[in-house]
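Quick one: this structure, given as structure tokens, is what I'll be asking you about.
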Amino acid sequence: MSVRVRYAPSPTGSPHVGNLRTAIYDWLFARKEGGKFITRLEDTDRDPARYKPEYIQDIENSLHYLGITPDEWWVSGGPCAPYVQSERLELYQHAAEELIEKGLAYRCYCTEERLKEMRDRQQRQGLPTGYDRRCRYLSKEDHEKYHREGLSSVVRLAVPTEGQTTYHDLVYGDITFENKLIDDQVLLKSNGWPTYHLAVVVDDHHMGITHVIRGEDWMPSTPKQILLYNALGWETPLWVHVPLIVGNDKKKLSKRHGSTQFIEFIREGYLPEALFNFLVLLGWSAGEENVEILRKEEILQRFSLNGITNHPAVFDYDKLKWMNGEYIRSASTERLTELCIPYMAEARLISGLSPTQEERSFLQSIMPLLVERMKVLSEVASLADYFYKPPAEYDEKGGRKWLTGQSAREIVSTILAAITEHNREWTVQAAEEIVNNLAEAMGCSRGPIIHTIRISVTGRTVGPGLFDILAVIGREETMRRLNTALNGIQD
RNA sequence: GGCGCCAUCGUCUAGAGGUUAGGACAACGGGUUUUCAACCCGUAAGCCGGAGUUCAAUUCUCCGUGGCGCUACCA
């Protein structure tokens, strides 16, 4: 049977890097096995506080960005359409009815208050919490009576009260749970919508899912779903739980650790190949080879479920940054230029998202000077601004050191004079020549001259090679900026 | 509380019943450079604890400890 795996996000949040990592595993496994990668929207939670339709766009964008377009999903359809749970409600309701008829599920009329009271009491007494199954043993007459009275009800699974449920996990091995400890799970909510457990089982079955790949936090609910498969008389898929991604405090990754939503990383300027590479490596390793920088194709070649680790992985923002820097440095200037346009436009350094040809080629020409110290694309504007406009202010320490006092005044005016005298072509070599001659004439090393010019022209103490900068900025503008610096020198 | 999972440098990980326990990020030191970055070289840093099995265990088993997850009409 050919492999079918699914990524099943819920539009109750913008997709998390952890979710996307399992989506990547899904995609890799499907590609590796010549199977299908399916994506299904699990939108059965309609609480307006959580459900936000705009997250659907985030899901689509994230998948596209990573280049792992599903073979079947709500965007392009497929043989098992619809791929949105809210459009499949009858399926779940039928399944629930069928279970009630077979006596494997039952209507429960217990109120929210009673359930809460019960839980509180259990907690106080140090007992395991769970539904006490009162409605499971209601007489037929009572059921009919409540039904006539129009009491609102949910449908619960009648979980076996003895025995064990064991399953084989492809990552974790054999896992066993005592049935008597498993709650009579709600299958259908009182509004007629399914809970996750029912919907996921029904859909995975009807969509022919062969491997359920999901986060380790789902392990405790696996036996509940297996019991459901059994009750429905369906064959279970293979289970593949993958370790959690955690923050530096080892707790489930969340906002307080830093960015967690995939689209935040897109916005910050992480390249798709860096994100793909980094995420795959959080919980998977190529084994003995143990290499770090791997392109999608190289990963695909090596990928296997066997390489998935079974312990949580701390999300290391530093390492991601390093990796992104690696990919930035290996990207072509043309591509980088295109990718940086949005950030340049946002900083108003260029006219907009569709810059003129001149703007584009200028950006491209300075890109090589920027790329060495760029870790994320969003840094580009702050790295490049002095190529576009004079410094608004000088670095405080640098200004104090190089642009203060009588000697600074002398140095700047000497430099200015030398540049004024220069009347040949203005190039990187010419700039260097001027500085060399100046150093000789002044009987000092190039250092102080270079530092003084750098701070005057860029406002910074760090950056690309000075002569490259001067060549780009041009003779006139260099002189203008030196003049401004000269006039601003305090004693 | 109950149930489940997990445990190699700070972090991601490789590893085998006998290894100088390997690599990468980060850190630190040095080189290069006009600065920063990049690059090169180097340093430091680890098998949670206790029993058992074995000639030998960090590796296998058990117990402990610790961490995490789940325990909803959320997924």
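Naming convention: chains lettered A, B, ... in sequence-line order (proteins, then strands); numbering from 1 in each chain. Computed from a predicted structure; not experimentally measured.
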### B:U35: pairing nucleotide in any strand, Watson-Crick or G-U under 3.5 angstrom
none
### Task
For A:His197 and A:Gln225, test the side chains for any donor-to-acceptor distance below 3.5 angstrom and give the result as yes or no.
yes
### Query
Rounding to a whole Å, what distance do you find between A:Asp47:CG and B:A72:P?
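So the two atoms are 17 Å apart, to the nearest Å.
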### Message
When you measure from the side-chain N and O atoms of A:Lys189 to the phosphate of B:C74, is any distance below 4.0 Å, counting only OP1 and OP2?
### Response
yes
### Query
Under the 3.5 Å rule, do the base of B:U34 and the side chain of A:Arg454 count as making a donor-acceptor pair?
yes
### Query
Between A:Asn19 and B:A75, is there a side-chain N or O to OP1/OP2 distance below 4.0 Å?
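For B:A75, OP1/OP2 do not have a side-chain N/O of A:Asn19 under 4.0 Å.
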#### Entry: B:A51 versus B:G67 - spacing of their C1' atoms, nearest Å
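It works out to 23 Å between them.
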### Query
Between B:G23 atom P and A:Leu281 atom CG, what is the distance in whole Å?
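For the pair A:Leu281 CG and B:G23 P, the rounded distance is 17 Å.
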#### Entry: OP1 or OP2 of B:G2 under 4.0 Å from side-chain N/O of A:Lys180
no
### Nearest-nucleotide 5' precedence on RNA chain B, A:Phe315 against A:Asp318
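The residue closer to the strand's 5' end, by nearest nucleotide, is A:Phe315.
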### Task
May I ask you to evaluate whether A:Lys250 reaches the phosphate of B:A7, defined as a side-chain N or O under 4.0 Å from OP1 or OP2?
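Answer is no, no contact under 4.0 Å.
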### Message
Which nucleotide, if any, forms a Watson-Crick or G-U wobble pair with B:A7, using both distances under 3.5 Å?
### Response
B:U65
### Task
Look at the side chain of A:Arg136 and the backbone N and O of A:Arg156, then say whether any donor-acceptor pair between them is shorter than 3.5 Å.
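No, because the side chain of A:Arg136 does not come within donor-acceptor range (under 3.5 Å) of the backbone of A:Arg156.
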### Task
Look at the side-chain N and O atoms of A:Ser285 and state whether any lies under 4.0 Å from the OP1 or OP2 oxygen of B:A14.
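For B:A14, OP1/OP2 do have a side-chain N/O of A:Ser285 under 4.0 Å.
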### Message
Please report the distance, rounded to the nearest Å, between CE in A:Met323 and P in B:U13.
### Response
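My rounded result for the distance is 12 Å.
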### Greater than 12 external heavy atoms within 6.0 Å of A:His206's NE2
yes
### Query
Could you give the CG-to-P distance, from A:Asp183 to B:U71, as a whole number of Å?
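Computing the A:Asp183:CG to B:U71:P distance gives 11 Å.
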### Task
Using the P atoms only, state how far B:A26 lies from B:U61, rounded to an integer number of Å.
36 Å
### Message
What's the gap between B:A72 and B:A16 when it is taken at their C1' atoms, as a whole Å value?
### Response
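One C1' to the other, the span is 46 Å.
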### Query
Has A:Arg134 got more than 12 heavy atoms of other residues, nucleotides or ligands less than 6.0 Å from its CZ?
no
### Message
Counting distance alone, no hydrogens or angles: does the base of B:G23 have a donor or acceptor under 3.5 Å from a partner atom on the side chain of A:Glu292?
### Response
yes
### Query
With ring centroids as reference points, do A:Tyr270 and A:Tyr327 lie under 6.0 angstrom apart?
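No; A:Tyr327 has its ring centre 6.0 Å or more from that of A:Tyr270.
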### Task
Quote, to the nearest angstrom, the P distance that separates B:G52 from B:G15.
30 Å
### Message
Check this one for me: any side-chain N or O of A:Lys224 less than 4.0 Å away from OP1 or OP2 of B:G4?
### Response
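No, no such contact exists.
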### Query
Yes or no on side-chain contact (heavy atoms from CB on, under 4.5 Å) for A:Arg88 and A:Val84, after CA distance, side-chain angles and deciding distance?
CA-CA 7 Å; A:Arg88 302 167 65 84; A:Val84 176; over 6 Å; no
### Query
Rounding to a whole Å, what distance do you find between A:Glu379:CD and B:A38:P?
11 Å
### Task
Take the protein atom NZ of A:Lys251 and the nucleotide atom P of B:G66, then report the distance between them rounded to whole Å.
14 Å
### Query
Mapping A:Glu216 and A:Arg329 onto RNA chain B by nearest heavy atom, which one lands closer to the 5' end?
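Upstream on the strand: A:Glu216.
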### Query
Can you tell me if the side-chain N/O atoms of A:Thr44 get under 4.0 Å from OP1 or OP2 in B:A75?
yes
### Task
Please state the C1' separation for the pair B:C60 and B:A24 - nearest whole angstrom.
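Each nucleotide's C1' atom is 30 Å from the other's.
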#### Entry: Between C1' of B:A38 and CD1 of A:Ile293, the distance in whole Å
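Answer to the nearest Å: 14 Å.
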### Message
Between B:A56 and B:U13, how far apart are the two P atoms, rounded to whole Å?
### Response
33 Å
### Message
What I'd like to find out is whether the side chain of A:Trp426 reaches to under 4.5 Å of the side chain of A:Ile434, using heavy atoms alone.
### Response
yes
### Query
Can you tell me how far C1' in B:C28 sits from the matching atom in B:U71, rounded to whole Å?
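46 Å, rounded to whole Å.
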### Query
Rounding to the closest angstrom, what is the interatomic distance between B:C36 and B:U43 at atom P?
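It comes out at 24 Å once rounded to the nearest Å.
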### Task
Considering just the side-chain nitrogens and oxygens of A:His311, establish if one lies under 4.0 Å of OP1 or OP2 belonging to B:U13.
yes
### Query
Does A:Arg373 put a side-chain nitrogen or oxygen below 4.0 Å from OP1 or OP2 of B:A38?
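For B:A38, OP1/OP2 do not have a side-chain N/O of A:Arg373 under 4.0 Å.
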### Query
Who does B:C73 pair with, Watson-Crick or G-U, both distances under 3.5 Å?
none
### Query
A:Asp43 has an atom CG; how far is it from atom P of B:C74, in whole Å?
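Going from CG in A:Asp43 over to P in B:C74 covers 13 Å.
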